[in-house]
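Heads up: the structure comes next, in structure tokens.
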2 protein chains.
Amino acid sequence: MDELLDRATAQTYASWFRALADPTRVQIVEYLARHARPMSVGEIVAAVGLAQSTVSQHLKILTEVRFVLVEPVGTARHYRINDACVGCFPSAADVVMGRPAPNPNGAC
Amino acid sequence: MDELLDRATAQTYASWFRALADPTRVQIVEYLARHARPMSVGEIVAAVGLAQSTVSQHLKILTEVRFVLVEPVGTARHYRINDACVGCFPSAADVVMGRPAPNPNGAC
DNA sequence: CACTTCCATCGTCGATCGGCGATAAACGAT
DNA sequence: ATCGTTTATCGCCGATCGACGATGGAAGTG
């Protein structure tokens with residue numbers, strides 16, 4: 001009767017979409033993508049004009065779903081888009097079709 | 001220098017993703033899609049097992065981005081998936097490519 | 001060693017979210 | 001007109017979010 005999509009799958013989908021549910025994170029992702037090179041936190045801070053701690057928190061959320069990747073370079077950390085995750089990011093059609101949600105902890 | 005995606009576009013993208021950023025809304029959308037027919041609020045309430053006011057609020061959020069459509073039928077209101085919006089729902093690739101966000105107030 | 005730079009984390013604050021019950025509004029039926 | 005049904009809206013509450021400043025840790029430089 002109920003036949004609902006199981007909660008765990010729904011939650012995984014929701015966490016994917018939540019990663020891009022904030023305009024600042026959308027701007028960060030687009031910014032990283034357009035300048036197609038790893039960028040430091042300082043560069044991103046200068047671009048978005050928010051506090052460093054705020055940007056760092058946004059980057060953490062984006063990396064938790066493997067949407068951006070990070071690589072330590074000396075004392076800096078270079079962030080870049082994970083092209084694989086861009087491709088596997090779920091669409092509304094995936095939800096509608098009831099397809100299994102991509103695993104955010106996996107390799108996409 | 002800044003070259004950020006303009007805030008309005010970013011906010012439009014964010015509101016699209018926010019509509020599916022809650023597991024209950026994901027379940028509602030999948031439920032509406034699988035039973036491919038207009039469904040009343042009461043049916044959806046029975047399926048998700050939450051209070052009627054809560055479900056009504058979720059349906060409001062989903063209709064605001066035209067993701068589901070509503071049609072009054074007597075005293076009831078029938079909700080159904082907007083197939084056009086399923087197709088035009090933005091993907092991560094759209095964000096990365098800087099494509100203009102689909103207008104949630106338009107006809108998709 | 002000290003000192004600087006770059007960044008993550010912590011604590012706080014106001015705002016928003018997701019849930020609820022209660023109420024109101026719209027409509028059909030009696 | 002009244003009643004019952006169906007749904008939207010309101011007010012409230014606890015939890016989470018997004019922003020900030022301050023602190024602290026890791027790495028390079030003197």
Side-chain angles (χ1 to χ4, degrees), chain A residues 4-5 7-8 10-29 31-32 37-80 104, chain B residues 4-5 7 10-29 31-32 37-80:
Chain A
L4 273 187
L5 184 64
R7 192 71 178 179
Q11 218 137 23
T12 302
Y13 272 122
S15 61
W16 275 104
F17 292 124
R18 206 176 62 77
L20 292 183
D22 178 87
T24 298
R25 286 197 289 274
V26 169
Q27 288 181 307
I28 290 176
V29 165
Y31 189 75
L32 285 176
R37 61 178 176 87
M39 305 189 70
S40 71
V41 176
E43 287 179 288
I44 304 171
V45 167
V48 305
L50 294 178
Q52 176 263 321
S53 58
T54 302
V55 172
S56 189
Q57 179 62 20
H58 281 307
L59 289 170
K60 181 182 181 183
I61 293 174
L62 289 172
T63 54
E64 275 172 357
V65 292
R66 295 278 200 275
F67 203 86
V68 305
L69 300 177
V70 58
E71 177 192 14
V73 175
T75 166
R77 304 187 74 190
H78 283 183
Y79 288 89
R80 60 185 171 86
Chain B
L4 274 186
L5 185 65
R7 192 70 179 180
Q11 218 137 23
T12 302
Y13 271 122
S15 61
W16 275 104
F17 292 125
R18 206 182 70 74
L20 291 183
D22 178 87
T24 298
R25 287 197 288 275
V26 169
Q27 288 180 307
I28 290 175
V29 164
Y31 189 75
L32 285 175
R37 61 177 176 87
M39 305 189 70
S40 71
V41 176
E43 288 179 285
I44 303 171
V45 166
V48 304
L50 294 177
Q52 176 263 323
S53 58
T54 303
V55 172
S56 189
Q57 180 61 20
H58 281 308
L59 289 170
K60 181 182 180 183
I61 293 174
L62 289 172
T63 54
E64 276 172 355
V65 291
R66 295 276 200 276
F67 203 87
V68 304
L69 301 177
V70 58
E71 177 192 15
V73 175
T75 167
R77 304 187 74 189
H78 283 182
Y79 286 89
R80 61 187 171 85

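Proteins come first, then strands; the chains are lettered A, B, ... in the order of their sequence lines, and each starts at number 1. Predicted, not measured: the structure shown is a model, and the values here were computed from it.
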ask   = Run the side chain to side chain contact (heavy atoms under 4.5 Å, CB included) check on A/Y79 and A/L69 step by step: do they pass?
value = CA-CA 6 Å; A/Y79 288 89; A/L69 300 177; over 6 Å; no

query = Does B/R77 have a side-chain nitrogen or oxygen under 4.0 Å from the phosphate oxygens OP1 or OP2 of D/dT6?
reply = no

ask   = D/dC17 phosphate, OP1 or OP2: any side-chain N/O from A/H58 under 4.0 angstrom?
value = no

[X] has an atom [atom1]; how far is it from atom [atom2] of [N], in whole Å?
{"X": "B/Q27", "N": "C/dG18", "atom1": "CD", "atom2": "P", "result": "14 Å"}
{"X": "A/E43", "N": "C/dT5", "atom1": "CD", "atom2": "P", "result": "17 Å"}
{"X": "A/Y79", "N": "C/dC6", "atom1": "OH", "atom2": "C1'", "result": "11 Å"}
{"X": "B/Q11", "N": "C/dT16", "atom1": "CD", "atom2": "P", "result": "12 Å"}
{"X": "A/K60", "N": "C/dC6", "atom1": "NZ", "atom2": "P", "result": "22 Å"}
{"X": "B/L50", "N": "C/dG21", "atom1": "CG", "atom2": "C1'", "result": "14 Å"}
{"X": "A/I44", "N": "D/dA19", "atom1": "CD1", "atom2": "C1'", "result": "17 Å"}
{"X": "B/E64", "N": "D/dT9", "atom1": "CD", "atom2": "C1'", "result": "13 Å"}

Consider the side chain of [X], meaning its heavy atoms from C-beta on, and name the nucleotide among [options] that approaches it most closely.
{"X": "B/S53", "options": "D/dT9, C/dA8, D/dA19", "answer": "D/dT9"}
{"X": "B/D22", "options": "C/dC7, D/dG18, C/dG19", "answer": "C/dG19"}
{"X": "B/A51", "options": "D/dA8, C/dA8, C/dC20", "answer": "C/dC20"}
{"X": "B/V41", "options": "C/dA8, C/dG19, D/dA8", "answer": "D/dA8"}
{"X": "A/R18", "options": "D/dT7, C/dC7, D/dC17", "answer": "D/dC17"}

key: Any donor-acceptor N/O pair, B/R25 side chain to B/A19 backbone, under 3.5 Å   = yes

request  = Return yes if some donor-acceptor pair links the side-chain N/O of A/E43 with the main-chain N/O of A/S40 below 3.5 Å, else return no.
outcome  = yes

inquiry  = Taking any heavy-atom pair under 4.0 Å as a contact, classify A/Q57: base, sugar-phosphate, or nothing.
reply    = nothing

ask   = Do A/L20 and B/Y13 have side-chain heavy atoms sitting under 4.5 Å apart?
value = no

query = Between the side-chain atoms of B/T75 and the base atoms of C/dG28, is any donor-acceptor pair under 3.5 Å?
reply = no

key: Donor-acceptor pair present, A/T54 side chain and D/dG18 base, under 3.5 Å   = no

ask   = What pair of heavy atoms forms the shortest contact from A/W16 to A/V65, and how long is it?
value = CH2-O, 3.4 Å

ask   = Given that A/G74 and A/R25 both sit by DNA chain D, which one's nearest nucleotide is further toward the 5' end?
value = A/R25

ask   = When you match B/A76 and A/Q52 each to their closest nucleotide on DNA chain D, which lands nearer the 5' end?
value = B/A76

